[in-house]
Amino acid sequence: MPTNTYLNAATTLKSWLLTRDHKRIALMYIAGITFFFGIGGFFAALIRLELVTPAGDLLTDETYNKVFTMHGVMMVFFVLIPLIPASLGNFLLPLMLGTKDVAFPKLNLLSFYVYLFGSLFTLYAIVAGGLDTGWTFYTPFSTVASTSAVVPAALGIFINGFSSILTGLNFMVTIHKMRAPGLTWFRLPLFVWALYATSLIQVLGTPVVAITIVLVAAERIFGFGLFNPAVGGDPVLFQHLFWFYSHPAVYIMILPAMGVVSEVIAGMARKQIFGYSFVAFSSLGIAIVGFLVWGHHMFVAGQSIYSALVFSVLTFIVAIPSAVKVFNWTATMYKGSISWQTPMIYVAGFIGLFAIGGLTGLFLAAMGLDIHVTDTYFIVAHFHYVMVGGAIMGYMAGIHYWWPKITGRMYNEFLGKVSAAIVFIGFNLTFFPQFIAGYAGMPRRYHAYADAYQVWNVLSSAGASILAVGFTMPLLYLAWSLKNGEIAGDNPWGAVGLEWNTTSPPPTENFHTQPIVTWDAYEYPTPVEGHVV
Amino acid sequence: MRSGTVFFPEVASTMAARVDQLYLFLVGLTAFFTILIFTMFVVFMVKYRRREPNSIGARIHGGMILEVTWSVIPLLIVLGLFVWSAQIFFAFARPPAETLNVYAVGKQWMWKFQHMDGQREINELHVPVGRSVKMIMTSEDVLHDLFFPAFRVKADVIPGRYTHMWFEATKAGTYPLYCAEYCGTKHSGMIGQVVVMEPDDYQAWLTAGAQEGSLASAGEKLFQDLACNTCHRPDAQGRGPVLHNIYGKTVALQSGENVVVDEAYIRESILRPAAKVSAGFQPTMPSFQGLVSEEGVMELIEYVKSLQGPTANQAVRPTTSGPAPNENTPSQAPPTRN
C-alpha cells in the first residue's frame, strides 16, 4: 500500500467530519446512502410480507400506507437521487479531470451536511408522526385529508433538495473550470458527460419541487387553497409541478448509472466506447427532452387530449437516446478483450434489466394502453426495473469497479460474482410477476387485494427474500476486504483513465504531479500491464 | 366474481380487445429487443473473453451507418406505436354522440352511482350490454380513480370538476371495479363490482328499482326547495337567465368570452356563480357551496338538461341550434313545464 493516502493523511474524527477532501466526503455519502438503503429495504420487506396473503392481515391499513410511503420517500430522496453523483461522482470527478478537488470543496461538505440533516429530519418526522401520503404527496389528500406528519416530512425533503442543487452546481463549475491541461470536452470520460447532464437537471429541476413542497406545507399551515378545489384551487396543478421535477429526477437516477456502465464496459473490454460522441450527446438529449415529458403521468387525470398527444410523442422520442446508448455499449463489446470480473457481471445484469425497464416504458408512453396499466402494479414493476435494475445495478457495478481505487484493496471476486447473479435472479423474480399482476388489474398501493393476484404476489415476495440476500452479501464481503482484501495496486484492471494513473488509494491531493492529457478517452495504444486477468 | 385469467382481466368491452392487441404487440417487441440485446451482449462476453492478461480490444471508434440505423429504426417503430396508441386513446377520450349517462361520486371510501331514472347504487354499478355508457364523475373529498379492468379503462375522479369516461360492455357478467388513485386509509377497500346485464334484464332491473323518480324530477324538486325558481323564471322576467333550452348552447359572458353550457359549467354556476356570469346579468346569485351535495348538483343539472322545448308561458321558437351534445338517455324526462 502507498504510504501517503487520503485515508491515512489524518485519522482524527474531526479530520473526517470537517474534511474538504472530495474522496472523504464521498465515503461519508456512501455510508449515509447505505444506511438509508437499509431502512428503505426494511420497509420493502414489510410490504412484501403483508402482500403474501390477499387479506390485509399483518399490518393495519394505516400502518401499511405509512410503510409504503416511507419506503418510497427513503429510496427516492435519500438513496436514488444522491446514489451515484454524491458517492462515486464525488470520488471520481476530480480524479477523472486530473485535478485536486471539486471547484468548491467547502460547499461540497455543506452539501453532505444538508443531506444528512434533511434526511435525518425526515426520518425523525415519519418515524415519530408517520406519513401516509405516498412519496408523491398528491393533493388534496396531502393538504386537507391526511392527518400524518406531512409538514415536517416535507420540510426535511425541502432541506435535502439543497444538497442536490449544490452538488449539481459544484460539479458543473468543476467540469467547466478544473479540467487538466489538454483534457478537452471530447476527451472526457463518458461518466463525466453523464454527471454533467445530471447536474443540469439537479440545478434546473430541484428548485421546482422544492417550491412545490413548500406550497404543500403552506397550504396545510395557512390554508392558501392553491390546490384546494373547495376554494377554487386546482389539485391537478400540484401534479404538473411535482412531475416537472420528478420525472426528470428519474434521469438524475439513471444517467449517472449509464455513465458508470460506459466506464466499466470500456475498462473491462479495454476498448474505446463505440460511438463516443453519440453516447455523450445522448446524455444531454435525455436531460433536455426529459424536461418535456412530465404530462405522461397524467393521461387519466383529465388533461386535454391534445396536450396528452404532445406528451406521448415526446415520451416515445426520449426512448431513442437510451436505445442508442444500449446499442453502442453492445457494439463496444464486439472484438473487445472482455474480463469477466464482478463489475462486468453487474453490467451484464444492468443491460438485461434496463432493456426491460426501458422497453416497458413504451407501454406507458402509449396513451391507449397507459389508460389500463397506469396506477397498477405494471407501473410499480416498470420503475423498479429502471431504478433498481438500472440505477442500483449500475451503482453496484461502479462500487466494485472502483473499490480497489477507493480502498486500495480487492474484494472477494468469487463472492462478488455470486452476489451479482443472486441480485439478478432475485430481482427478476421479485418484479417480473408484478408486470403480470398489474396487467391483470391489481392496483398499486393496495393493502389487501383480490385472490386472483395471489400467485404473483407470492412469487414476488419470494424473490424479495432472494434479493435481500444478494444485497446483504456485498455489504459483508466489501467490509471484510477493508482489512483483509488483497492489496490492489494502482491499476488492477489494466484500464486507462486518469483515475488509474495515481496510487490506490490516491493521496489527498490526488496526483503527485499535475497530469497533462494528450490522448482521447479509452485510448489503449499498446498492450497494457495488469495483474488480474 | 372471479373473471379473466391470471394473465388477463376478462375481455368485456369494445376497448378491451384493442388494448390487448397493442399490449401483446409491445410484449413481443420487448421480448424481441431484450433477447436480441442481452443475447448479443452475452455472446460477445463469451466470444471475446480475455484470453491473454495483457490483451486489449480492437481499435474501433464507431460507425455512422450503424448509428443512423439504430437511431432511425427505433424512431420509426415508436412513431408507429404513437399513432396506434393515439387512435385507441382518441376512441377512449371521445364518447359517441349517443350515450347512456351515469353519474358517479367518489368519496372516502365508497363509490356512489346515480342513474337517470333515479336508481342509486353504492359500490355496485349495473349497465347493459351493447350500449355506450358515459360516466360523469366527481369526488367529494380527495382524488380517486374509477378503474374497470375488464373494460381496460380508468379515469381520475377529481374534486371540484367533472371528468368523463365511457365504455361499451360486450359481455354480460360481474366484474371488479377498483379505486386506482391512492386516497387514504381504506383505499384498497374502495372496491366494488360492475354488473353487465343483457338489455332485457337491464330493463327489468331499471323498472324494479325506480321508486324515487328520475334524476331530473328530483332536480326539479330541489330547484324549488332551494328557491332557484324565484330568479330563474321561464319567462325572461327573472333576475337570472332563463334556463329553458340553455343546455348545449353557447352563451356570452360578461367578460366578453363565450362558454358552452355543459355539465361542468352548470355545476360551476351553482357552486361559484360569480366565476362566469352571463352577459346582461348582475352577479347577484349566492353560492350554493355547502348547501347542496354533489348528488344534488347532479340532479339539478339533469333538471336543467330536461328543460327542452317551448316553455309553457313563453313562445320560444323550437330550437334551431341542433340537439345538445351527448344528450340522449332513454329515460330522458319529458320537457318539464313550470
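Reminder, nothing fancy here: chain letters follow the sequence lines and each chain counts from 1.
Neither the backbone nor the side chain of A:Ala437 comes within less than 4.5 Å of any heavy atom in chain B. Only the side chain of B:Arg94 comes within less than 4.5 Å of a heavy atom of chain A; its backbone N, CA, C and O stay farther away. Within the 4.5 angstrom heavy-atom criterion, only side-chain atoms of B:Phe147, from C-beta onward, approach chain A. Using a 4.5 Å cut-off between heavy atoms, B:Tyr162 makes no contact with chain A at all. With a 4.5 Å cut-off on non-hydrogen atoms, B:Ile158 touches chain A through its side chain but not through its backbone. With a 4.5 angstrom heavy-atom cutoff, B:Val46 touches chain A via backbone and side-chain atoms both. B:Val42 does not touch chain A: none of its heavy atoms, backbone or side chain, sits under 4.5 Å away. Of the atoms belonging to B:Arg152, heavy atoms from both backbone and side chain fall under 4.5 Å from chain A. For B:Phe92, the part sitting under 4.5 Å from any heavy atom of chain A is the side chain, from C-beta outward, and nothing else. For B:Leu79, the part sitting under 4.5 Å from any heavy atom of chain A is the side chain, from C-beta outward, and nothing else. Heavy atoms of A:Asn328 lying under 4.5 Å from chain B belong to its backbone as well as its side chain. At a 4.5 Å heavy-atom cutoff, B:Met165 makes no contact with chain A through either its backbone or its side chain. Within the 4.5 angstrom heavy-atom criterion, atoms from both the backbone and the side chain of B:Cys179 approach chain A. Looking at B:Gln108, only its side chain comes within 4.5 Å of chain A, counting heavy atoms on both sides.
With hydrogens and angles left out, the side-chain atoms of A:Tyr439 and B:Asp20 include a donor and acceptor closer than 3.5 Å.
The aromatic rings of A:Phe424 and B:Phe38 lie parallel to each other, their planes meeting at an angle below 30°, with 60° marking the opposite boundary.
Separating the CD1 atom in A:Ile320 from the CD1 atom in B:Ile73 is a distance of 11.0 Å, to the nearest 0.5 Å.
Between the side chain of A:Lys335 and the backbone N or O of B:Arg59, no donor-acceptor pair lies under 3.5 Å. Side chain of A:Arg270 to backbone of B:Gly57: no donor-acceptor contact under 3.5 angstrom is found.
Your options are B:Glu181, B:Met40, B:Gln289, and the one with the most heavy-atom pairs under 4.5 Å with chain A is B:Glu181.
For the pair A:Ile265 and B:Phe41, the minimum side-chain heavy-atom distance is below 4.5 Å. Between B:Pro149 and A:His372 the shortest side-chain heavy-atom distance falls below 4.5 Å.
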